[in-house]
Amino acid sequence: EVLRSDKLSPEEQERYLSQVPQRVMRSLFQEMLLQSRADQLEIFVTPEEVDEEIRRMRGDMGIESDEQFEQALKQSGLDEDKLRTQVETTLRVQRVLGQEVSSKIELDEEDLRRYYRAHPEEFQIPARVRVREIVVLDSSALDADQRMQLADRLRERLMGGDSLGALADEYASDGTTSGVIELGWVEHGELAADLEQAIWSLKPGAFSAPVESRGGIHLLEVLDREEATLKPFADVKDDIEVEERGRLYAEHFEKYLDELSQSAYVVEHLPADAVGYREAGDSSPVLNEPFKIVGEERPRAASAETMAAPSAPETAADSSPADSSPADAVPAESAETPTDPPSADPDADPGVGGV
């Protein structure tokens, strides 16, 4: 997608691609933490819940038959077992974040009103005018002087009480003028600058002077105008809440992941281009290739302070690329009685370390 994008320069593509290993590693590390935390909190997902989520996904995608479903999986490089694993992972992580992040966000109406008062520019309804016009056409048989003379006469007649419609009936049939053109409601910047300048200060019912612009000489009528105002708080309250909850969620999420990371013991065997992954990219976990979580068959409950202690991964001689992960996690014994970080393998790569 990056290479096919026409919105990125070659330099931007190269810079983005150079960050991919760190971004992927960061997402995998975050998912490891969240999956391990789900184990500690005994947050599990039943097969029936996975079934229900897949049914919802099929409905959202408009997939009606099993054949369509199988084709969609194939196009995504998945089979049903892989999809079920992804759905289970996603649901568990969502529940962890709902319990430990979303539930901590406090936002009342006064907070929303405070934001509304502090950011009036976001809720501005701009001034606008409703306009129509008639145009003495450049394409008519008249020369430039004749077109301007006709435009002046038409304006005099408009000022004397004739309507745009009456003038159009008289002149449009032979191609001298356009018919009446309804421009509707326009805001600043939506008309050509010369047309906007001619009409913006006019009151409803007033006509502009003739204006030479694209296509001919324009005579515009202002039918109505509305001055700039603010949207009522009641109309934007829900939008503010969505935005503010999103902002607060992002802040809490970043802090929460940092706390999980700081509380965990991690031994890392990293490829060189993934070094520095914890500072790379955003903090949205990728939920499509989880870390292998190693520990008790039935994870025990843990306090909110208890974190996972990842163990050192197997050496290259003992594992295959298909089942190895950059780091493996096992539950910590207790937050109150911390376990010493596992020692680095003396034969390991220089990048191995403990946190």
Side-chain angles (χ1 to χ4, degrees), residues 1-2 5 7-8 12 15-41 43 45 53 56-57 60 86-124 231 233 235-264 266 274-291 302 304-308 310 326-327 329 355:
E1 292 299 327
V2 173
S5 174
K7 297 181 180 180
L8 298 175
E12 290 172 327
R15 183 169 62 253
Y16 186 90
L17 290 173
S18 70
Q19 297 171 353
V20 167
Q22 292 178 335
R23 289 174 179 267
V24 171
M25 186 67 194
R26 178 176 169 86
S27 294
L28 293 174
F29 176 66
Q30 291 169 355
E31 183 186 318
M32 176 195 72
L33 295 175
L34 293 169
Q35 284 278 74
S36 185
R37 187 61 177 154
D39 289 343
Q40 292 176 333
L41 297 173
I43 293 176
V45 176
E53 180 63 14
R56 185 196 63 77
M57 293 168 57
D60 290 347
Q86 287 190 11
V87 169
E88 180 182 3
T89 298
T90 300
L91 291 175
R92 294 185 78 210
V93 167
Q94 286 176 346
R95 291 175 187 179
V96 170
L97 296 177
Q99 179 174 321
E100 301 210 308
V101 179
S102 297
S103 65
K104 305 298 192 297
I105 297 174
E106 297 181 358
L107 195 63
D108 58 28
E109 182 167 315
E110 182 53 38
D111 295 321
L112 306 181
R113 289 187 179 276
R114 189 179 301 111
Y115 185 93
Y116 177 77
R117 293 191 296 268
H119 302 85
E121 70 282 354
E122 295 183 18
F123 312 109
Q124 187 103 24
K231 296 178 183 178
F233 173 75
D235 292 352
V236 298
K237 174 184 174 182
D238 291 344
D239 292 336
I240 296 174
E241 182 169 3
V242 169
E243 290 296 321
E244 279 296 274
R245 284 195 180 277
R247 181 184 65 81
L248 292 172
Y249 181 89
E251 291 179 0
H252 283 66
F253 181 54
E254 186 72 27
K255 181 178 178 182
Y256 176 68
L257 284 178
D258 185 61
E259 290 173 351
L260 292 188
S261 176
Q262 294 299 322
S263 301
V266 180
V275 172
Y277 67 91
R278 298 199 194 194
E279 292 76 35
D282 56 37
S283 296
S284 300
V286 174
L287 302 177
N288 58 2
E289 193 176 351
F291 277 79
E305 292 77 18
T306 305
M307 265 309 304
V355 179

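Residue numbers start at 1 and run along the sequence shown.
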Colleague: Are E122 and Y115 close enough, and set up right, to give a side-chain hydrogen bond (donor to acceptor under 3.5 Å, both in side chains), and what steps lead you there?
Modeller: CA-CA 10 Å; E122 295 183 18; Y115 185 93; 2.9 Å; yes
Colleague: Give a yes or no on whether E121 atom CD has more than 12 heavy-atom contacts from other residues, nucleotides or ligands under 6.0 Å away.
Modeller: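 Above 12, so yes.
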Colleague: How many angstroms lie between atom CG of D235 and atom CG of D239, to the nearest 0.5 angstrom?
Modeller: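 CG of D239 is found 9.5 Å from CG of D235.
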Colleague: Minimum heavy-atom separation for I43 to R92, with atom names?
Modeller: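 So the two residues come closest at O-NE, 2.8 Å.
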Colleague: Going through the checks in order, is the side-chain contact (heavy atoms from CB on, under 4.5 Å) test met by K237 and E109?
Modeller: CA-CA 8 Å; K237 174 184 174 182; E109 182 167 315; 3.1 Å; yes
Colleague: Which pair of heavy atoms, one from L260 and one from R37, lies closest together, and at what distance?
Modeller: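 For L260 and R37, the tightest heavy-atom pair comes out as CD2-CD, 4.4 Å.
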Colleague: Looking only at heavy atoms, what is the nearest atom pair of L248 and I105, with distance?
Modeller: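 Closest pair (atom of L248, atom of I105, distance): CD1-CG2, 3.9 Å.
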Colleague: Give, for atom CD of E243 and atom CG of D238, the distance between the pair rounded to the nearest 0.5 Å.
Modeller: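 Atom-to-atom, E243:CD and D238:CG are 12.0 Å apart.
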Colleague: Show the nearest heavy-atom pair for residues E31 and T89, with the distance to one decimal.
Modeller: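 What the structure gives for the nearest pair is OE2-CG2, 3.7 Å.
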Colleague: Is the backbone N or O of Q86 less than 3.5 Å from a side-chain atom of T90, with the two atoms forming a donor-acceptor pair by type?
Modeller: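 Side chain of T90 to backbone of Q86, a donor-acceptor pair under 3.5 Å: yes, one is there.
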Colleague: How long is the gap from OG on S102 to CZ on R95, to the nearest 0.5 Å?
Modeller: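 S102 OG to R95 CZ: 13.5 Å, rounded to 0.5 Å.
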Colleague: Is R114 salt-bridged to D111, cutoff N-O under 4.0 Å?
Modeller: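 Yes, R114 and D111 are salt-bridged.
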Colleague: Give, for atom CG of D39 and atom CG of L34, the distance between the pair rounded to the nearest 0.5 Å.
Modeller: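 Those atoms lie 11.5 Å apart.
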Colleague: Could you walk me through whether H119 and F123 pass the ring pair (Phe, Tyr, Trp, His ring centres under 6.0 Å) test, one step at a time?
Modeller: CA-CA 8 Å; H119 302 85; F123 312 109; 7.6 Å; no
Colleague: Flag the pair R247 and E251 as a salt bridge only when some basic side-chain nitrogen lies within less than 4.0 angstrom of an acidic carboxylate oxygen.
Modeller: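 A salt bridge is present here (some side-chain N lies under 4.0 Å from a carboxylate O).
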Colleague: As a quick check of understanding, evaluate side-chain contact (heavy atoms from CB on, under 4.5 Å) for V45 and E53, giving each step before the final call.
Modeller: CA-CA 11 Å; V45 176; E53 180 63 14; over 6 Å; no
Colleague: Start with the C-alpha distance between F29 and L33, add both sets of side-chain angles, then the distance that settles side-chain contact (heavy atoms from CB on, under 4.5 Å), and finish with yes or no.
Modeller: CA-CA 6 Å; F29 176 66; L33 295 175; 3.7 Å; yes
Colleague: If you define the side chain from C-beta out and look only at heavy atoms, does anything of Y249 sit under 4.5 Å from H252?
Modeller: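 When only atoms from C-beta onward are counted, H252 and Y249 do not touch, as no gap falls below 4.5 Å.
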Colleague: Any donor-acceptor pair under 3.5 Å linking the side chain of S103 with the backbone of Q99?
Modeller: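 At least one qualifying donor-acceptor pair exists.
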Colleague: Is the shortest side-chain N to carboxylate O distance from R113 to E110 below 4.0 Å?
Modeller: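 The answer is no: the pair does not qualify as a salt bridge.
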Colleague: Flag yes if more than 12 heavy atoms outside K104 fall under 6.0 Å of its NZ atom; otherwise flag no.
Modeller: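 For K104, atom NZ is crowded (more than 12 foreign heavy atoms under 6.0 Å).
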Colleague: Do F233 and R117 make a side-chain contact, defined as non-hydrogen atoms from C-beta onward lying under 4.5 Å apart?
Modeller: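 In short, these two side chains do not touch, never coming nearer than 4.5 Å.
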Colleague: Shortest non-hydrogen contact from L107 to E244?
Modeller: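 The pair with the smallest heavy-atom distance is CD2-CB, 3.8 Å.
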Colleague: Should V101 and K255 be marked as a side-chain contact (heavy atoms from CB on, under 4.5 Å) after you check the CA-CA gap, both sets of side-chain angles, and the distance that decides it?
Modeller: CA-CA 9 Å; V101 179; K255 181 178 178 182; over 6 Å; no
